[in-house]
Amino acid sequence: MSKPRFLPMLLGWLLIALVAFAGPALAQSTDPGASAPANATLADMLENPDTRQQLIDQLRGMAEAQETQEASPESEQASNGTAPPVEKPSLPRQLAEMTSGIAGNIGQQVGSLYASLVGLFAAGSDAASIDFGLVLSASLNLGLVILATFALFLLIRRLGRPLFARLSLWSMHGPALQPMLRLVICVALAALVDILVVALAYVGGNMVATFVVGASGELTTRASLFLNAFLVIELLKAGVRMLFASRYEGLRLLPIAAPDASYWNRWIARLIGLAGYGLMVVVPLASAYLSPALGQSLGTLIMIGAFIYAVAVVLRNRRKLADALQRQAARSSLPVTRVGLTLLARIWHLLAIAYFFMVLVLTLTRPADALPFVLIATLQTLATVLVGLGVSKLLNQTIGRRISLSDELRRKLPLLEVRLNAYVPKALKVIRTILLIVVVMVVLNAWQVFDMAAWYASEAGRGLVAKLFSVAVILLVALAAWLALASMIEHKLNPATGGGEPSSRAQTLLSLFRNALAITLLTVTIMVVLAEIGINIGPLIAGAGVLGLAIGFGAQKMVQDIITGVFIQIENALNVGDVVTVGGVTGTAERLSIRSVGLRDLSGTYHIVPFSSVDTVSNYMREFAFHVGEYGIAYRENIDEAIEALQTAFNDLSEDNDFKLELLEPLEVAGVIALADSSVNIRVRIKTTPGMQWAVGRAYNRLVKYRFDEAGIEIPFPHTTLYFGADKDGDAAPANLRIMQGEFTSDGSPAGQPRDAEAPEPDDTNARREVHNQDGDGGVDTPGGGSN
């Protein structure tokens, strides 16, 4: 089977028991003259020599058993004045006695049936005097009534098929309401139509039986028996059609495939018809026209046959239903349901056989009081299970699907839809669990295992229900408050709503407030729930205070972190995304909590700095920033020309589309700030938007280099100047330079070569050299070390 069969089979078995065993119970509980057939049966048994002898033997056996019991040691103890102990029979003994009684009852019924059949044709008996002609005539008249009634029923149902088809189509493809609501409404309307069809056929059958068959204007007992049975049985079949509806998929309450629905509808309707008409028509007519013992025996045989048929159906579908239960358990989201279905898959056939055996035993032993209780409990169980399944499916179709908000609401509150879709499935699981508990309680109450009314009337029951209701209200209020406040915070943080793009401080504070709100709501909710269910939270609060104090003394550093972090946030010292220097570390603040800040430096290293180690917070991103540049030029360059080049570079920067919006004010030239060792330093300052000072500075430096190169302005670099002195007129003495390679002699000539005789002797006084570090004319510059 493609769909799970456990629910259709359960309903089928319960309806089998209801129809197969309702006849005797209803007859005995509603008929005032129910004792008349029993007296007639007893009279027939006494008239028959064989049955009379069997009755005498049974009475003598009972008398001997009673005498044996009186002569037992317990009786002797009672005669001596000592009361014997009263022992309850063991369970095996009770089962043995019950089985023996059932077997004896069945044997007696079979004997009575055999004696009645023999008596029908035995010469000289009262049963042999039956007028078979009258029986044949009555059977023909009843057959005409049956034929006319069923013909009217089938004709009216055929006329109502278009209406059923329209209801089925609207149930599957209707534009309004939820699918489950449409299904329930259409099934209810179809059931009303079906009941109307049965009622019209019943009225038509009465008209035929009254005015066409038999004496005009009189309704015979035979026709009345059949018509009443027709009304009851066809109404039961209408109920079965509500569940299965093999021809109309939109009117089928059970979620099974059409072939499975047709199978169960056909077999259950067939069993209802055979058992119902047999018990409500054939048995009474056989008792009235043939023999009361024969009618009673036929009823017993019909009940035994129904039991055998039910057991055969159970065994035939044992493996199929077990597999369906296992698949259903695998699809279940509730652990309790999954475990229960897995266990039921293993033992369902034993429970079903035990149920049918119990109904058979009650039918044979105590049909007057026990059987009606079983039937009513069965009907209540069926109704409870169907209502529970319907409510669960309706909830699943109503709130179990993904919730989709409008585009406008999704734009304003982007996380609300995500939260709702996260909370609703959990809430649905809780509701299903509560629904399962209620269904189990009602079923147990139907079988009198649990007195639900008395439990609720007790103080404990009312208190538990009130506490559960209060806890549910508290949780709903807390959830609603969290959704409202969190949505409000998200509305403020959303750039598309609220006051526009929130500041870094607002983002940080609102995020911290949201976390604090979640912790506070959770703590308060837990405390209130504990107080509501009867737990004294006073010692808990006091213990938490003492524990917090102890933790505070033991974790002073953490307390200092938190307190400092609170004041840092209040003073808006830094926010996420700011470039700051905190605790000697400079970087971008990526994470900010109430206890520490996480910084990412220029090399990508992530630092966590606790606030207790923070003495100073240097924030480079507050309102505006400055690029401060110092540019050195050579001493020989013109200062005004250099400043003009710097201004030209700033003008070029102002025309750049990438940076012109980041410049807040014109270039600020501080002038010459230092006459350094090798350069004249000029300072300028550019006001930019916060965080853009580094990018603007890099771009400006590039343009300054271009403009200085274009104007021929030297940007000095470290070098060494050799100075040979000057005379009184300011002229520099000529430098006596020689290029020397290899080894030299003491007089300065290369080794291995004769000194020129005409060369003058070197004058040490004229060859004096002075070495100075100086920029200017009259010297030889050679690159050297040093820095600007």
Side-chain angles (χ1 to χ4, degrees), residues 1 5-28 95-114 116-117 229 232-233 236-237 240 244 260 263-284 286-287 293-322 347-367 370-372 374-375 377-379 381-382:
M1 299 181 184
R5 288 190 172 188
F6 64 95
L7 186 57
M9 294 185 68
L10 176 63
L11 298 175
W13 297 328
L14 295 178
L15 287 172
I16 288 171
L18 174 64
V19 175
F21 310 131
L26 293 176
Q28 295 190 22
L95 292 176
E97 293 178 353
M98 182 179 64
T99 306
S100 176
I102 294 173
N105 193 1
I106 294 175
Q108 182 180 355
Q109 294 293 338
V110 173
S112 300
L113 177 61
Y114 174 76
S116 299
L117 292 175
V232 173
I233 293 169
L236 288 175
K237 289 183 180 180
V240 174
F244 298 103
D260 297 335
Y263 171 81
W264 290 109
N265 184 68
R266 182 175 65 254
W267 282 99
I268 294 176
R270 184 181 302 171
L271 183 62
I272 289 175
L274 293 176
Y277 287 117
L279 292 173
M280 301 180 68
V281 179
V282 176
V283 171
S287 299
L294 178 62
Q296 187 176 2
S297 301
L298 286 176
T300 302
L301 290 179
I302 291 174
M303 291 184 286
I304 295 174
F307 171 75
I308 295 173
Y309 177 81
V311 172
V313 171
V314 170
L315 297 178
R316 185 188 309 160
N317 296 276
R318 173 185 174 183
R319 177 51 53 192
K320 292 180 181 179
L321 183 55
I347 64 172
W348 74 268
H349 59 287
L350 300 178
L351 297 177
I353 293 174
Y355 171 80
F356 290 120
F357 182 74
M358 176 189 66
V359 175
L360 177 64
V361 169
L362 293 176
T363 303
L364 297 177
T365 57
R366 300 171 57 189
L371 186 59
V374 173
L375 299 177
T378 301
L379 290 176
T381 303
L382 280 175

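Scope of the values below: all heavy atoms of this structure, side chains included, with no hydrogens, waters or symmetry mates.
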Closest approach of [X] and [Y], non-hydrogen atoms and distance?
| X | Y | answer |
| --- | --- | --- |
| Gly276 | Ile233 | C-CD1, 3.3 Å |
| Ala322 | Trp348 | N-NE1, 3.8 Å |
| Asn265 | Phe244 | CB-CB, 3.9 Å |

Problem - Ala269: side chain to side chain contact (heavy atoms under 4.5 Å, CB included) partners, not counting sequence neighbours - result: Lys237

Handout entry: Contacts of type side chain to side chain contact (heavy atoms under 4.5 Å, CB included), residue Ile347, not counting sequence neighbours
Key = Leu343, Leu351

Problem - Nearest-0.5 Å distance that lies between atom CG in Leu236 and atom CD1 in Ile268 - result: 11.5 Å

Handout entry: Any side-chain heavy-atom pair of Val311 and Phe357 under 4.5 Å
Key = no

